[in-house]
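When a ligand or atom number is given, it counts from 1 through the structure's own listing order.
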Amino acid sequence: MADLFTTVVTSPLARRAGVPQPTQLRRYTPGGPLVEGPVLVTGGGRFEKSMRVRLDQAGVAVVSAAEDTRDRLGAIIVDLSAALDPAELAQLRTIEPGVKRLARNARVVVIGTDPATLTDVTEVTTQRALEGFSRSLAKELRLGATGNLVLAQGEAHDGVWSAVEFLLSGRSAYVDGQVVRVAETMGTNGDSVKPLGGKVAVVTGAARGIGAEIARVLGRDGATVVAVDVPAAGEALAKVANEVRGTAVQLDVTAADAGSRIVRHATQRHGAIDIVIHNAGITRDKLFVNLDEDRWDSVIDVNLRSILRMNEAILGEGGLGQGGRIVCLSSIAGIAGNRGQTNYGASKAGVIGLVTALAAQVRDRGITVNAVAPGFIETEMTARVPFATREMGRRINSLQQGGLPRDVAETIAWLSQPGAAAVTGQVVRVCGQSWLGA
Ligand code: NAD
């Protein structure tokens with residue numbers, strides 16, 4: 001989607017003039033290497049050993065210092081989960097030679113202890129400091145490299161590995177400057193190439209855009225996909241369903257019986273319902289003072305109330321069981337707010353409340369509920385945004401480019417994995433560390 005501005009800023013002349021250039025991001029290919037180059041693992045925390053073992057199992061070379069290899073580093077994992085005092089934060093400085101030797105599209109992952117599980121003021125202070133460090137370092141990294149923080153509860157080795165594996169891989173290309181919390185729940189993936197094998201996944205709003213890409217990525221990862229969209233999008237919907245060898249259901253998600261129809265279709269046609277992605281969403285932008293009733297009601301109904309209604313059936317008798325997954329689409333507009341989007345911002349912030357509250361309610365049933373909040377994603381919707389606003393949206397993030405629908409889909413696919421059982425009630429931003437609401 002190169003336009004005049006992109007062509008100009010990426011021209012040889014602009015390069016010579018030192019205009020910052022977006023880097024082609026490393027994206028996931030099934031069966032490909034987890035990370036390109038050896039991984040430096042350090043910090044002395046309680047996860048360091050298990051991370052080394054799992055990296056080794058994944059065929060990744062592990063080193064203890066940047067000087068131990070002549071290759072550029074694919075990633076640095078620094079585990080400060082055991083740090084109790086701010087003086088110990090100085091250990092973060094030991095990764096400096098490694099940061100200088102990071103490869104293109106490398107990763108820095110900091111592991112800490114979730115401050116919510118601590119009570120000692122000094123310990124909480126120390127662990128909270130990791131957030132400011134990793135978000136700031138992420139802003140300094142260049143050439144497609146990202147920096148993220150994993151905060152663990154107790155001995156959450158499975159959960160930490162699931163998050164670390166995602167963050168190291170090309171699946172997380174546009175996830176930058178984020179904090180992922182993991183609980184002690186156990187959960188591991190069977191097949192590394194088809195982690196969703198045997199699962200039945202429902203995707204709403206699947207006829208185009210991000211929803212169609214979610215259907216493709218879930219299908220690629222082994223899920224049987226039920227693609228849902230309005231009857232008016234029937235033709236495009238059928239195409240997506242055929243492409244992923246799934247089935248299509250034409251319905252409006254705001255219909256009173258939408259949830260029960262989805263559950264009935266999935267269980268009758270495919271024998272189960274394991275994963276639900278609430279992706280269908282609309283915008284009806286207007287300044288607040290010019291907003292009419294229809295623009296307000298339709299956005300709240302499609303983006304928010306329909307999810308609450310459908311969840312009643314999805315979580316009811318015959319719906320999601322043990323290991324079930326719900327992922328909702330939020331937006332950075334729901335975090336930072338956006339001019340002209342009071343209705344949309346309200347709906348997408350509401351989604352965050354929904355996942356937080358619902359996750360706690362269904363935790364003991366082994367069901368996780370999370371949200372993904374995309375930033376600027378290259379879609380038909382954003383292609384229609386006025387030129388200056390669009391270019392601004394593309395550039396105001398640490399990776400200096402828009403994300404792809406695929407990046408959102410990859411994060412959703414990760415949260416849907418059996419291995420991600422320990423991640424619930426979270427909002428993962430797929431925004432390249434956007435400056436908005438950071
Ligand atoms: P899109 O408009 O391209 O696609 C949305 C799909 O949802 C369409 O196929 C549409 O027919 C379907 N849909 C709308 N109302 C429906 C209803 N009542 N019942 C069933 N299906 C319905 O949008 P997109 O850009 O792909 O966005 C997908 C999701 O991601 C939305 O929830 C959106 O708010 C969110 N999001 C997008 C971006 C972005 O940059 N594109 C950023 C943040 C969040």
| Mind checking whether Lys348 has an N or O less than 3.5 Å away from an N or O of ligand 1? | yes

| message | Under 3.5 Å, is there a donor on one side chain and an acceptor on the other for Gln426 and Asn370? | response | no

| message | For the residue pair Asp176 / Thr146, report whether a side-chain donor-acceptor contact shorter than 3.5 Å exists. | response | no

| Short N/O distance, under 3.5 Å, between Thr379 and ligand 1? | yes

| query | What protein heavy atom is closest to atom 7 (O) of ligand 1, reported as residue, atom name and distance in Å? | reply | Gly205 CA, 3.3 Å

| task | Dump the intermediate steps for salt bridge (charged side-chain N to carboxylate O under 4.0 Å, His left out) on Arg128 and Asp114, then the final yes or no. | result | CA-CA 8 Å; Arg128 183 61 208 246; Asp114 188 347; over 6 Å; no

| said: Less than 3.5 Å apart, any donor N or O on the side chain of Asn189 or Gln417 sitting next to an acceptor on the other? | reply: yes

| request: Say whether, by atom type as modelled, one donor and one acceptor occur between the side chain of Thr368 and the main chain of Arg325 under 3.5 angstrom. | output: no

| Winner among Cys328, Gly281, Gly209 once heavy atoms are compared against atom 5 (C) of ligand 1 | Gly281

| Distance-only polar pair, side chains of His157 and Ser50, donor-acceptor under 3.5 Å | yes

| task | Note the single closest protein heavy atom to atom 34 (O) of ligand 1, along with its residue, its atom name and the distance in Å. | result | Tyr344 OH, 2.5 Å

| query | Among all protein non-hydrogen atoms, which one is nearest to atom 16 (C) of ligand 1, and what is the separation to 0.1 Å? | reply | Val230 CG1, 3.8 Å

| task | Establish, from distance only, whether the side-chain atoms of His278 and Asn303 form a donor-acceptor pair under 3.5 Å. | result | no

| request: Around atom 42 (C) of ligand 1, find the nearest protein heavy atom and jot down its residue, atom name and distance. | output: Gly375 O, 3.5 Å

| task | Closest by any non-hydrogen atom to atom 19 (N) of ligand 1: pick that one out of Val372, Thr254, Thr283, Val253. | result | Val253

| So which protein heavy atom does atom 23 (O) of ligand 1 come closest to, and at what separation? | Met381 SD, 4.6 Å

| Check: Asp79 side chain, Phe47 main-chain N or O, donor-acceptor pair, under 3.5 Å | yes

| query | Can you tell which of Ser306, Ala280, Ser331 gets a heavy atom nearest to atom 22 (C) of ligand 1? | reply | Ala280

| Who gets closest to atom 15 (N) of ligand 1 by heavy atom: Val240, Ile282, Leu251? | Ile282

| query | Does ligand 1 have any atom sitting under 4.0 Å from a heavy atom of Arg208? | reply | yes

| remark: Looking only at protein heavy atoms, what sits closest to atom 26 (O) of ligand 1 is Ile210 N, 2.8 Å

| task | Would you please test Glu378 and Arg394 for salt bridge (charged side-chain N to carboxylate O under 4.0 Å, His left out) and show each step? | result | CA-CA 9 Å; Glu378 306 282 359; Arg394 275 195 183 127; 2.6 Å; yes

| query | More than 12 non-hydrogen atoms from neighbouring residues, nucleotides or ligands closer than 6.0 Å to CZ on Arg305, yes or no? | reply | no

| message | Geometry only, no angles: is Ser330 polar-contacting ligand 1 at N/O separations under 3.5 Å? | response | no

| Lys239/Glu243 salt bridge by N-O under 4.0 Å criterion | no

| Is the closest protein non-hydrogen atom to atom 3 (O) of ligand 1 under 4.0 Å? | yes

| said: Tell me whether Thr224 contacts the main-chain N or O of Gly246 through its side chain, where contact means a donor paired with an acceptor under 3.5 Å. | reply: no

| query | Which residue and non-hydrogen atom of the protein lie closest to atom 21 (N) of ligand 1, and at what distance in Å? | reply | Asp229 OD1, 3.4 Å

| request: Go through the side-chain N and O atoms of Thr342 and Trp296 and say whether any donor and acceptor fall under 3.5 Å apart. | output: no

| message | Quick test: of every protein heavy atom, which one is nearest to atom 28 (C) of ligand 1, and how far off is it to 0.1 Å? | response | Asn279 OD1, 3.1 Å

| request: Heavy-atom contacts with Ile377 under 4.0 Å: which atoms of ligand 1 show up? List them by number with element. | output: 39 (C), 40 (O)

| request: Using a 4.0 Å heavy-atom threshold (strictly under), name the region of Thr382 that reaches ligand 1: side chain, backbone, both or neither. | output: side chain

| Quick one: does Ala206 get an N or O within less than 3.5 Å of an N or O on ligand 1? | no

| request: Say whether Asp252 and ligand 1 are in contact under the criterion: heavy-atom distance to a ligand atom below 4.0 Å. | output: yes

| request: Please state which part of Leu329 comes within less than 4.0 Å of ligand 1, counting heavy atoms only: side chain, backbone, both or neither. | output: side chain

